[in-house]
Asker: 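Got a structure here, written out as structure tokens. Questions coming.
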Amino acid sequence: MSDERPVIYGLLALVGVALAVGLVTGLAVMAGAHVLGLGGGHAAVAGDAGASMYLPKPQKTKASDGPSITLGSEPTTGSTASSAPTVQKPKKQISLQSGETSVPPMGRIDLTGTYPGGEGAVLNVQKFSNGAWQDFYSISASVTNGTFSTYIQTGTPGVNRFRVIDSDSKRASNEVKVTIR
């Protein structure tokens with residue numbers, strides 16, 4: 001009997017195995033969902049006994065008796081003439097630091113610093129050489145949020161002096177010294 005229609009019997013056997021595997025897999029997924037608490041639940045609605053979030057009812061607050069803003073000083077008794085306070089703008093000083101004080105030839109020298117009020121400024125790195133400050137290979141750093149950072153490398157042995165200078169205002173930083181061993 002199976003010799004007459006082997007293809008049909010093969011397809012029926014394949015469908016039977018697929019149904020059995022699907023049934024076992026489906027039961028396993030349902031059991032896993034039940035164990036994990038993912039199945040069979042219902043949606044929480046207003047007034048549901050299973051709700052877990054508590055919100056208190058709004059209540060009106062009392063009006064304040066005193067001032068809304070308090071100042072840090074007591075009014076002075078004495079002369080009624082007062083001079084206007086002087087407001088000093090912070091100086092736009094460039095502060096430079098070197099991450100290293102001594103490096104081997106061509107070692108990385110990290111230069112970082114702050115430049116309050118110098119947002120967006122381009123600072124050129126300079127090296128003191130032959131009695132004058134000279135731009136150091138067009139290396140620059142941009143000021144972002146009042147800070148800047150870059151790195152340099154040099155092979156000149158001995159103590160090397162570096163600084164940064166604002167390319168627009170020509171305001172210079174303090175100098176840092178790095179020894180090349």
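The analysis underlying the following values was restricted to heavy atoms, covering all of them including side chains, and did not include hydrogens, waters or symmetry mates.
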Asker: Check whether more than 12 heavy atoms from other residues, nucleotides or ligands sit under 6.0 Å from atom CZ of Phe128, and answer yes or no.
Answerer: yes

Asker: For a quick test of reading the model, state the closest non-hydrogen atom pair linking Ser149 to Ala141 and the distance between them.
Answerer: O-CB, 3.8 Å

Asker: How long is the gap from CZ on Arg171 to CD1 on Ile165, to the nearest 0.5 Å?
Answerer: 10.5 Å

Asker: Indicate yes or no for a side-chain donor-acceptor contact from Asp166 to the backbone of Leu123 under 3.5 Å, with no hydrogens or angles considered.
Answerer: no

Asker: side-chain contact (heavy atoms from CB on, under 4.5 Å) with Ile109: which of Asn160, Ile180, Val176?
Answerer: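 The passing option is Ile180.
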
Asker: Enter the distance from Thr114:OG1 to Leu96:CG here, rounded to the nearest 0.5 Å.
Answerer: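 Interatomic distance, Thr114 OG1 to Leu96 CG, rounded to 0.5 Å: 9.5 Å.
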
Asker: Show your reasoning for whether side chain to side chain contact (heavy atoms under 4.5 Å, CB included) applies to Val7 and Arg5.
Answerer: CA-CA 6 Å; Val7 174; Arg5 298 188 178 123; over 6 Å; no

Asker: Could you check whether Tyr115 and Phe148 have their ring centres less than 6.0 Å apart?
Answerer: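 Distance test on ring centres: not under 6.0 Å, no.
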
Asker: Under the side chain to side chain contact (heavy atoms under 4.5 Å, CB included) criterion, do Gln126 and Val164 qualify, and how do the steps go?
Answerer: CA-CA 6 Å; Gln126 292 187 328; Val164 293; over 6 Å; no

Asker: Taking all non-hydrogen atoms of both residues into account, name the closest pair between Ser129 and Gln134 and its distance.
Answerer: O-NE2, 3.5 Å

Asker: So, Lys127 and Thr156: side-chain donor and acceptor under 3.5 Å apart, yes or no?
Answerer: yes

Asker: Using every non-hydrogen atom in the two residues, find where Asn124 and Ser167 come nearest and quote the distance to one decimal.
Answerer: ND2-CB, 3.6 Å

Asker: Under 3.5 Å, is there a donor-acceptor pair linking the side chains of Ser173 and Arg163?
Answerer: no

Asker: Salt bridge between Glu175 and Arg161, side-chain N to carboxylate O under 4.0 Å?
Answerer: yes

Asker: Taking Thr147 for the side chain and Thr144 for the main chain, is one N or O donor matched with an acceptor at less than 3.5 Å?
Answerer: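 Between the backbone of Thr144 and the side chain of Thr147 there is a qualifying donor-acceptor contact (under 3.5 Å).
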
Asker: One pair to check against side chain to side chain contact (heavy atoms under 4.5 Å, CB included): Leu11 and Val15. What are the steps and the verdict?
Answerer: CA-CA 6 Å; Leu11 288 175; Val15 169; 5.5 Å; no

Asker: What's the verdict on side chain to side chain contact (heavy atoms under 4.5 Å, CB included) for Val178 and Val159, showing C-alpha distance, side-chain angles and the deciding distance?
Answerer: CA-CA 6 Å; Val178 180; Val159 176; over 6 Å; no

Asker: Whether the Gln97 and Ser95 side chains hold a donor-acceptor pair (N or O, under 3.5 Å, no angle test) is what I'd like checked.
Answerer: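 A donor-acceptor contact under 3.5 Å links the two side chains.
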
Asker: Please answer whether the main-chain N or O of Leu111 pairs with a side-chain N or O of Thr150 as donor and acceptor at a distance below 3.5 Å.
Answerer: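 No; judged by distance alone, with no hydrogens or angles, the pair does not exist.
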
Asker: Could you measure the distance from the CZ atom of Phe136 to the CD atom of Gln153? Nearest 0.5 Å is fine.
Answerer: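 Between Phe136 CZ and Gln153 CD, I get 8.5 Å after rounding to 0.5 Å.
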
Asker: Does any non-hydrogen side-chain atom of Leu12 lie less than 4.5 Å from one of Ile8?
Answerer: yes

Asker: Rounded at 0.5 Å granularity, tell me how far CZ in Phe162 sits from OG1 in Thr154.
Answerer: 5.0 Å

Asker: If you round to the nearest 0.5 Å, how far is CE of Met106 from CD1 of Ile152?
Answerer: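 It comes to 10.0 Å.
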
